[in-house]
Protein chains: 2
Amino acid sequence: MQRSTIDDVAQAAAVSIKTVSRVLNHEPNVRESTRQRVMAAVESLNYHPSQSARSLAGSRSYVIGLLYNNPSANYMFDLQTGAMERCRQDRFQLIIHDCTRRRQDIAKHALGLIDQTHADGLVLSAPVCDEPLLLDALHQRSVPYVCIAPNQSPHHASYSFMDDRAAAREITDHLLGLGHRRIAVIVGHPDHYSAVQRLLGFKDSMKAAGVEPNMQLQKQGFYDFESGYTATRELLALATPPSAILACNDDMAAGALMAAHEANINVPNDLSVAGFDDTYISKVVWPRLTTVHQPIQEMAKVATDQLIRQLKSGAQSEPKRIDHCLVVRDSTGPAPT
Amino acid sequence: MQRSTIDDVAQAAAVSIKTVSRVLNHEPNVRESTRQRVMAAVESLNYHPSQSARSLAGSRSYVIGLLYNNPSANYMFDLQTGAMERCRQDRFQLIIHDCTRRRQDIAKHALGLIDQTHADGLVLSAPVCDEPLLLDALHQRSVPYVCIAPNQSPHHASYSFMDDRAAAREITDHLLGLGHRRIAVIVGHPDHYSAVQRLLGFKDSMKAAGVEPNMQLQKQGFYDFESGYTATRELLALATPPSAILACNDDMAAGALMAAHEANINVPNDLSVAGFDDTYISKVVWPRLTTVHQPIQEMAKVATDQLIRQLKSGAQSEPKRIDHCLVVRDSTGPAPT
DNA sequence: CGCGAGTATGACAGCGCTGTCAACCGGTGT
DNA sequence: ACACCGGTTGACAGCGCTGTCATACTCGCG
């Protein structure tokens, strides 16, 4: 019941360790009968190659690092789940690294992580994937990496993304279609690219509908519950409050709902509230949030896939857009007349 | 800017690699002046020891595995955050492993993980920490492990826990104190120890208050939103519905709120709803949930601490209870007369 | 002043693999 | 019969560390 090594397997299959290595790494030029003998030995000994030995000896470690600095649990969880799913397929190990605190020397820390773990590559999630110093450092050390929803296309990396601007247009159009004209927008965290894009999409639609921009109805938020709550209180205190609020993520939308409930305002009869992301929260608040589904898990999976492919082939792949979709639930309704 | 090795450091500090190793591992018998020279070299070369080489050569890998099979994002996130925090302190690497799917051969998988990663030990979270086959297998291979909130005290491991039963008594007493007598309870997932304990605590208090048990008011849930929602719909359809509902976690409580809202029942005026765990969700639903704070992050941190200590000293530590506390918010109020 | 008992340091093997290179095997073309 | 070639296999070095053991150095004390 002890740990078995490649020597044990080699002995059991009556081949050299090198042949075992070949079989395990799917190298060519192994006779089928030999391959089967080796696999049988692997099975029966319940052998698992040592990652440490592999990464020390070879050029691959089968470890991928996932860097994040987004404090939302749901976001993180989806990210992680998507990346893990893809990793498991090719028996990669995923190492999670939180870089929320270190803004300055993030590049140094990332390189340290690479040195320590011998990670083959990194998956960078938003917004850490937009740190130019980090990207430069990785490129200089030729560490392969991919980005999830980056700001501008990184020069040296593949990435997955969704069209935030189009998505914002869709949900704004949904509100406009319900007859709303006084629509407020609670903007996301200024550090996040998505916040900018979503605001642009909102403005696109409003302009197309011929609605005059009104800065009173645009509030700065930070993608958290609290800021959505505060912004909505201010909006509701206006002489003529909005008939609809587009919050640029679900947490802020939940905050908006809270403020509305407290002010005894009926959603959606007196006020429509729309969110963004379709996280777990959007399904458990009351009323259930109309929102846009952001396919985080899928984006993470695709990005990880791009990375793994790159590790195998050496070539970057094309950026890949993942589809969003509008999810209409109960928090939006016709504009009051 | 290339990766530097222990040889580089040794050369820079004009010592042997063994001495560098000594300094980095805080071994005794190194002259202070030598130590400083080495540290300076480490700094200036930005040296990070290779985990692979370390674990191959030595008996420690500085890797800890965290096993979970609880699909709640918030639970996971807290777990992970707590464990990571402690790991960082001693430069341990945390490896997350989801074992949701594999119920049967979980033991085999865990040992495979150990073989692959050379992990020094495992942190097992509830409910996976209650798989006897897993615990046995780990013990047989003498893999150090600790548990978070295990069912029965594992023989060969330290663990951290909270007193679910007492916590349930507290929140039940809170409801009783508000004058409620017809209190329904939505029980948690039968696989989770906590579910049993919380139900016992509830019954303790009800009995102490002299309330006759009423099986109509006890519903089986599964710690998810949906089951809380369904159970509550059934409860509200009763000839004489309860005046208060204790849901054994926040997700189910959120489901209860949803059902109440849909039935146009005012919370807390007509119905009180209490949750359990004090997760993020309890602060964003309306009305904000009265609940019990379950210190998951702290439990994870403490358990990880126990593991790391054990790795250093070889000795188990005492089980450690982490304090919960009642959090009264807006979802509970006086019983209607 | 020399000797024993630490104290400080280094030489070296080897952890479990992969990469390199050489060897071998059987069929082909001439 | 022989050189040749591609497919198949194995011997062996070495990745960057730690553990073991040997060695050199230091200090107190007889």
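Naming convention: chains lettered A, B, ... in sequence-line order (proteins, then strands); numbering from 1 in each chain.
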Counting only side-chain N and O atoms of Thr19(B), is one of them less than 4.0 Å from OP1 or OP2 of dG10(C)?
-> yes
Residues Asp305(A), Lys320(A): salt bridge by 4.0 Å N-O rule = no
Have a look at Asp7(A) and say if it touches a base, only the backbone sugar-phosphate, or nothing, with a 4.0 Å heavy-atom cut-off.
-> nothing
Are any of Ser21(B)'s side-chain N or O atoms less than 4.0 Å away from OP1 or OP2 of dT18(D)?
-> yes
Are Arg3(A) and His118(B) close enough that a side-chain donor and a side-chain acceptor fall under 3.5 Å?
-> yes
Pick base, sugar-phosphate or nothing for Ser52(B), based on heavy-atom distances below 4.0 Å to the nucleic acid.
-> nothing
Interatomic spacing from OG in Ser160(A) to CD1 in Ile322(A) - rounded to 0.5 Å | 5.5 Å
Nucleotide of dT9(C), dT18(D), dG16(C) approaching Lys18(B) most closely (side-chain heavy atoms) = dT18(D)
Reckon Thr34(A) has a side-chain N or O less than 4.0 Å from the OP1 or OP2 of dT8(D)?
-> no
Side-chain N or O of Ser55(A) closer than 4.0 Å to phosphate OP1/OP2 of dC15(D) = no
Rounded to the Å, how far apart are Arg31(B) CZ and dC25(D) P?
-> 11 Å
For Gly58(B) and for Val20(A), locate the closest nucleotide of DNA chain C by heavy-atom distance; then report the residue assigned to the nucleotide nearer the 5' terminus.
-> Gly58(B)
Under-4.0 Å side-chain N/O to phosphate OP1/OP2 contact, Asn29(A) with dG6(D) | no
Distance-only side-chain donor-acceptor flag, Asp120(A) / Ser61(A), under 3.5 Å = yes
Ser16(A) side chain near dG10(D) phosphate (N/O to OP1/OP2, under 4.0 Å) | yes
Whole-Å distance separating the CG atom of Leu56(B) from the P atom of dG16(D) | 12 Å
Distance in angstrom units between Asp120(B) CG and dT18(D) C1', rounded | 14 Å
May I have the distance from Ile17(B) (atom CD1) to dC15(C) (atom C1'), rounded to whole angstrom?
-> 14 Å
dG10(D) base to Arg22(A) side chain: any donor-acceptor pair below 3.5 Å?
-> yes
Regarding Gln316(B) and Gln310(B), is there a side-chain donor-to-acceptor distance under 3.5 Å anywhere?
-> no
State whether Tyr47(B) places a side-chain N or O below 4.0 Å from either non-bridging phosphate oxygen (OP1 or OP2) of dC17(D).
-> yes
